[in-house]
Amino acid sequence: MKLSVIIPAYNIAEYIGRAISSVLDDISDDSEVELIVIDDGSTDETSEIINKSTCRKNVRVEKVTHRGLGAARNVGIRMSLGDYIMFLDGDDYLVAGWLDALMIPISMGLEDMIIFQWQSVSENGLVREGPFASGSINDMGYACWNKCYRKNVVSEIYFPENVLFEDSGYSLMALMKSRTITFIPYPLYNHRHREMGISREPHSFNQQMGVLTGLREALIASLDTKNRVKTVATDIILNRLNTAVLQNKTLKKHDFELIRNFYVQHSLWGGHFEKGKRHALDTFMISACLATRCYRVLNFVLKYYAR
């Protein structure tokens, strides 16, 4: 088995059919590729739609008690038989021809990680923005789904469970373990822009900071890539903070201490210039506010930079 495609799904009856068909339309009955769908305890018609695909011999479905995206992906990883694994969110879908593009490096078997571009599409499938991603650690994209991973390289990496934005650390961990990486410079993945999707629903600061769980593991594991991982970590934290501010959330003192303790533990202080002067200034100002415990000033700074 060459490749396992893992789809977690929870109450997305309107979208899951498109996700499944985007995989099956390319793989046909190819015995070298399998589709694993994890039904994360759906209570709408998602289960019925998923079950219609089980007539295909290379499709496996597992229904589990609802525990969230991270736990569902972990179930899929344990079930997978492919030499490589990749992830597809149940409300997104792959671009036609994705398999041909990926099977070239997969068949050669030389790459530990394959990064490909993605694009943002509207609810009705029109391209909104993109393509995004490059082959560098700073611009590869932080989500897990625009990559393909050699399974024996990531066999000991799992997603944090019971938190939101759990996948940001996964790609970093995989990158650090990969000796060979290739980049496909065109989009294979359509990320659907949904107003009520997880990434755009209003969340508290505490929920936004679920991202720290995965980043903590990546920062602890990093050695020669430590400075680059720090740059990515601060960028992800800044992005989540800005998102929360744009949703009119205010940073409370206990939220401030949570972030400050994370910065102290992993020495994230200072400006990071790898992503340009603006990013360096943003990260320096946040570091200064955290270091001096000026959480009211930090709220002002975040609102200013989020404009």
Main-chain N/O of G125 paired to R192 side chain as donor or acceptor, under 3.5 Å: no
Which value, rounded to the nearest 0.5 Å, describes the distance between T180 atom OG1 and D112 atom CG? 3.5 Å
Supply the atom-to-atom distance T234 OG1 to L215 CG, rounded to the nearest 0.5 angstrom. 9.5 Å
Could you check whether F87 and F159 have their ring centres less than 6.0 Å apart? yes
Measure the acute angle between the ring planes of Y170 and Y149, then classify it against the limits of 30° and 60° as parallel, tilted or perpendicular. perpendicular
Please report the shortest heavy-atom distance between M140 and I137, naming the atom on each side. CG-O, 3.9 Å
Any chance you could lay out the salt bridge (Lys or Arg N to Asp or Glu O under 4.0 Å) test for D235 and K230, step after step, and finish with the verdict? CA-CA 8 Å; D235 189 41; K230 284 183 177 182; over 6 Å; no
Gap separating the CZ atom of R296 from the CZ atom of F256, nearest 0.5 angstrom: 11.0 Å
Check for a donor-acceptor pair, side chain of S136 on one end and backbone N or O of D139 on the other, with a separation under 3.5 Å. yes
Do E34 and R60 meet the salt-bridge criterion of a basic N to acidic O distance under 4.0 Å? yes
Hydrophobic cluster identity match, L94 and L35, side-chain contacts under 4.5 Å: yes
Output yes when a side-chain donor or acceptor of H66 lies under 3.5 Å from a complementary backbone atom of D40, and no otherwise. yes
For a 4.5 angstrom cut-off between non-hydrogen side-chain atoms, does I27 reach N58? yes
Separation between CD (Q119) and OH (Y186), nearest 0.5 Å, reads 13.5 Å
Is I104 reachable from I115 through a run of I, L, V, M, F, W or Y residues, each pair having side-chain heavy atoms under 4.5 Å apart? no
Within this structure, what is the CG-CG distance for the pair L102 and L3, rounded to the nearest 0.5 Å? 7.0 Å
Count the heavy atoms belonging to other residues, nucleotides or ligands that lie under 6.0 Å from NZ of K151, then report whether that count exceeds 12. yes
Under 3.5 Å, side chain of K63 to main-chain N/O of G41, donor-acceptor pair present? no
Do the side chains of F183 and V95 join up, straight or via other hydrophobic residues, at under 4.5 Å, putting them in one cluster? no
May I ask whether Y93 and V23 are part of the same hydrophobic cluster, defined by side-chain heavy atoms of I, L, V, M, F, W, Y residues being less than 4.5 angstrom apart, directly or through others? no
With rounding to the nearest 0.5 angstrom, report the CG to OG1 distance, L298 to T292. 9.0 Å
E161/R67 salt bridge by N-O under 4.0 Å criterion: yes
Would you kindly say whether N124 and S122 are connected by a side-chain donor-acceptor distance under 3.5 Å? yes
I184-W98 co-clustered via ILVMFWY side chain contacts under 4.5 Å: yes
On the 0 to 90° scale, with breaks at 30° and 60°, tag the F132-W118 ring pair as parallel, tilted or perpendicular. tilted
Under a 4.0 Å threshold between the charged nitrogen and the carboxylate oxygen, would R260 count as salt-bridged to D255? no
Output yes when a side-chain donor or acceptor of Q117 lies under 3.5 Å from a complementary backbone atom of A133, and no otherwise. yes
